[in-house]
Amino acid sequence: MASRTLLLLTFVSVINICLCQRGRDPPTARSCKELKQKHKFNKDGLYFLRSARGVVYQTYCDMTTAGGGWTLVASVHENNMYGKCTTGDRWSSQQGGNSNSPDGDGSWSNTVTFGTAEAATSDDFKNPGYYDITAEDVAVWHVPNNERVDRWKQTSFLRYHTVTKFLSSYGGNLYSLFKQLPVKYNAGSCPANHGPTVPVAYDVGDATSNHNQFGPNVRANSVPGFITFRAINNERAAMAICLGVKPTSCHTEHSCIGGCGYFPEASPRQCGDFTSLDWDGYGTHAGWSASKQITEAAVLIFYR
Amino acid sequence: MASRTLLLLTFVSVINICLCQRGRDPPTARSCKELKQKHKFNKDGLYFLRSARGVVYQTYCDMTTAGGGWTLVASVHENNMYGKCTTGDRWSSQQGGNSNSPDGDGSWSNTVTFGTAEAATSDDFKNPGYYDITAEDVAVWHVPNNERVDRWKQTSFLRYHTVTKFLSSYGGNLYSLFKQLPVKYNAGSCPANHGPTVPVAYDVGDATSNHNQFGPNVRANSVPGFITFRAINNERAAMAICLGVKPTSCHTEHSCIGGCGYFPEASPRQCGDFTSLDWDGYGTHAGWSASKQITEAAVLIFYR
Amino acid sequence: MASRTLLLLTFVSVINICLCQRGRDPPTARSCKELKQKHKFNKDGLYFLRSARGVVYQTYCDMTTAGGGWTLVASVHENNMYGKCTTGDRWSSQQGGNSNSPDGDGSWSNTVTFGTAEAATSDDFKNPGYYDITAEDVAVWHVPNNERVDRWKQTSFLRYHTVTKFLSSYGGNLYSLFKQLPVKYNAGSCPANHGPTVPVAYDVGDATSNHNQFGPNVRANSVPGFITFRAINNERAAMAICLGVKPTSCHTEHSCIGGCGYFPEASPRQCGDFTSLDWDGYGTHAGWSASKQITEAAVLIFYR
């Protein structure tokens with residue numbers, strides 16, 4: 001009887017390795033930070049995590065930058081800069097841009113998930129960590145579209161992270177922050193109702209190279225070295241995240257992304273995951289337009 | 001050798017708990033009813049189930065209402081009442097409403113799955129249980145949009161379930177029922193070809209509060225305390241489920257949801273996951289329009 | 001202590017079977033071929049596989065045809081032949097057909113995944129095996145839409161596979177092949193820049209019955225018994241796979257499917273997952289139009 005049990009167990013042990021961290025440790029951690037601190041994983045790559053409610057999912061952990069323990073929770077990927085709130089604009093609206101959908105798809109403050117870690121530079125991505133993990137800081141990576149996971153680090157041209165543990169004041173994650181500060185048309189006015197502006201440290205690139213990704217008009221209307229969350233523009237449209245800048249005017253739609261469902265100015269021209277980064281032409285890097293490089297790169301969002 | 005084996009196995013035992021019911025029991029059950037009856041789980045929450053063909057998925061189990069053992073298999077969520085068979089209308093059609101797509105997306109009678117349990121009040125949801133589980137009765141919950149799983153029970157304002165074990169006459173689930181009675185334009189006429197009308201018992205609310213969710217014209221053309229499946233309207237459009245009512249006329253599109261791909265009357269105005277609940281204005285609760293409360297609540301569908 | 005450990009392990013052994021091959025063997029294989037050769041599985045059905053990067057997924061294995069070991073990696077399903085690059089056209093474009101999206105959704109050469117094996121005849125399907133597995137040959141099955149997994153083999157009316165191990169010359173899978181030969185508008189001209197034409201052996205049907213699925217004009221402009229990959233048409237639009245034929249003219253859009261995001265001729269009439277199989281009417285089997293049978297059947301793609 002005892003030997004039979006042992007035999008069975010040996011068999012089982014082989015089976016189970018498959019769903020875990022390559023046979024090394026259990027996926028009972030809720031975040032990459034926990035995987036690193038408690039379980040001593042220190043290699044970048046895909047790991048299984050488990051949410052408080054028991055949802056198991058796989059995502060990418062950055063275990064080395066600035067101490068490591070960063071969990072990829074989302075990516076904003078512009079699948080079609082010419083599509084204005086069309087299919088694939090999951091971080092703004094897939095409904096065309098209309099005041100009837102003031103919060104668009106609502107992804108910033110709901111529990112809908114989509115995409116996969118391996119496709120995070122080819123499609124929008126959002127996992128349960130986005131609303132489950134309790135974190136302090138946010139990191140942003142700009143990685144060229146369609147890049148392979150194992151090349152993200154070397155091909156990213158901008159990487160920065162907040163350093164003030166600001167998330168602790170907003171419920172511990174962006175889901176909670178955007179519940180309080182909705183990415184919704186007409187939820188407030190500019191500049192009175194901007195959300196927090198948080199300073200960042202650069203891991204790749206610097207404030208100047210960050211600023212230089214935008215056209216001259218954007219540079220004249222913003223300061224680099226920060227992320228502003230839930231920016232609002234002149235027409236009361238809301239955006240989720242400003243890409244390494246703090247806007248100094250209300251033309252926020254040219255450097256802040258992930259918008260609500262309605263942008264009144266020249267509607268729906270500013271509506272879409274990458275809002276109006278193409279206002280003066282796609283990738284022209286002139287006037288209010290961003291560079292081709294940043295326009296064709298996914299924005300990866302990490303928590304720690 | 002023996003001690004080495006034991007060491008390995010202890011390690012493995014930790015790994016595997018993660019993908020199961022919080023370390024308590026194996027996810028070999030095909031339904032919440034089986035989890036409750038065979039494995040004695042009796043707490044509401046997310047569980048892993050496994051289909052006959054070996055597909056593993058996670059869903060919500062209601063283990064307490066009317067004896068418990070209810071499996072969440074689907075939710076119908078209206079993401080944009082103004083979008084008429086546009087993106088997100090997975091229980092009707094995402095193709096705009098056209099006689100060329102008489103059965104629309106076909107979700108009621110195919111094996112396509114989408115969404116997640118945790119997002120069932122924020123997005124359409126359909127899991128393998130919808131077509132895999134052999135059940136007798138159906139329960140319907142009306143839960144406000146974007147509600148967290150652990151608050152569904154307390155915030156739902158209407159919950160009712162069938163009591164006649166009618167599914168046994170239709171193959172054991174709605175997939176099978178709608179294979180026999182397609183949700184398809186021109187599959188039959190009203191009232192000759194309505195599917196079954198089944199009496200319900202109320203767990204939250206009652207027949208009167210259910211009826212009062214609809215405008216006066218709907219109330220004058222229906223009787224509460226039932227679900228009619230596969231209703232057909234005057235123009236030969238088909239709907240899947242009438243929300244706690246039995247239609248007494250052929251204006252079924254104002255209280256029955258989840259439609260086919262073509263609604264001839266004022267096309268595409270009646271096309272969409274929540275059909276024409278807004279015929280006399282969004283949430284006006286006048287004429288043929290439903291209340292704002294029921295318009296902005298997801299319809300969760302359970303089997304037992 | 002020892003007995004307590006054994007008790008725990010017995011419990012765990014039950015848990016883990018659920019996520020594996022029905023308790024028989026571990027899902028550590030990267031392909032069905034490996035499952036068959038190394039682990040001696042020889043029954044058709046759903047299995048768990050694991051990619052090199054540790055992604056676990058479930059797909060269908062054909063363990064018997066021509067030696068077995070075929071992994072289902074994708075299906076191309078036309079959800080709406082009248083929708084021209086609309087929602088659901090994931091193997092071409094969901095953006096309407098426009099020269100601004102020359103490669104459309106880009107699914108042939110990115111790591112985005114969608115759908116499930118059980119719904120592969122009801123919806124587009126693509127799993128990590130598509131880009132992860134290193135294979136030699138491709139098999140194609142034509143299975144009627146909405147067919148159950150366990151009936152695919154008996155209801156498929158055409159099944160053929162390449163025999164030259166051509167994938168070895170293109171990186172071992174279609175992901176790699178289409179990285180080299182993009183399915184993109186204006187990536188080349190016809191016939192100079194067609195990709196490889198590979199002879200096939202028939203497992204169900206034959207070259208004549210294959211050819212007869214197309215209208216007379218297509219038959220006059222193609223030769224059956226081959227697959228041509230990355231065909232290009234007169235207007236420089238690109239298609240991924242020709243359905244059992246080698247085009248002998250540049251009217252490739254009537255027998256080759258899975259196209260780029262822009263088809264200039266009568267745009268967007270040729271744009272969609274099944275391109276222009278309906279040029280002379282839906283399912284008419286006349287002129288340039290294909291039969292109703294092949295128009296209403298999903299195209300399943302296997303690797304070995």
## Note on the structure
One should read off an interatomic distance between C:Leu46 CG and B:Ser51 OG, to the nearest 0.5 angstrom, of 7.5 Å
### Message
Rounded at 0.5 Å granularity, tell me how far CD in C:Gln58 sits from CZ in B:Arg53.
### Response
10.5 Å
### Task
Counting only heavy atoms closer than 4.5 Å, note whether C:Thr116 contacts chain B via side chain, backbone, both or neither.
side chain
### Task
Please state whether the side chain, the backbone, both or neither of C:Asn145 comes within less than 4.5 Å of a heavy atom of chain B.
neither
### Query
Do B:Tyr131 and C:Glu118 have side-chain atoms, one donor and one acceptor, less than 3.5 Å apart?
yes
### Between B:Gln95 and C:Thr86: side-chain donor-acceptor atoms closer than 3.5 Å
yes
## Note on the structure
Of C:Asn146, C:Asn80, C:Val149, the largest count of non-hydrogen pairs under 4.5 angstrom with chain B goes to C:Asn80
### Largest heavy-atom contact set with chain C, pairs under 4.5 Å, which of B:Asn100, B:Asp105, B:Asn110, B:Thr111
B:Asn100
### Query
Side chains of C:Asn79 and B:Gln94: does their closest heavy-atom pair fall under 4.5 Å?
no
### Message
Around atom NZ of B:Lys184, are there more than 12 heavy atoms from other residues, nucleotides or ligands closer than 6.0 Å?
### Response
no
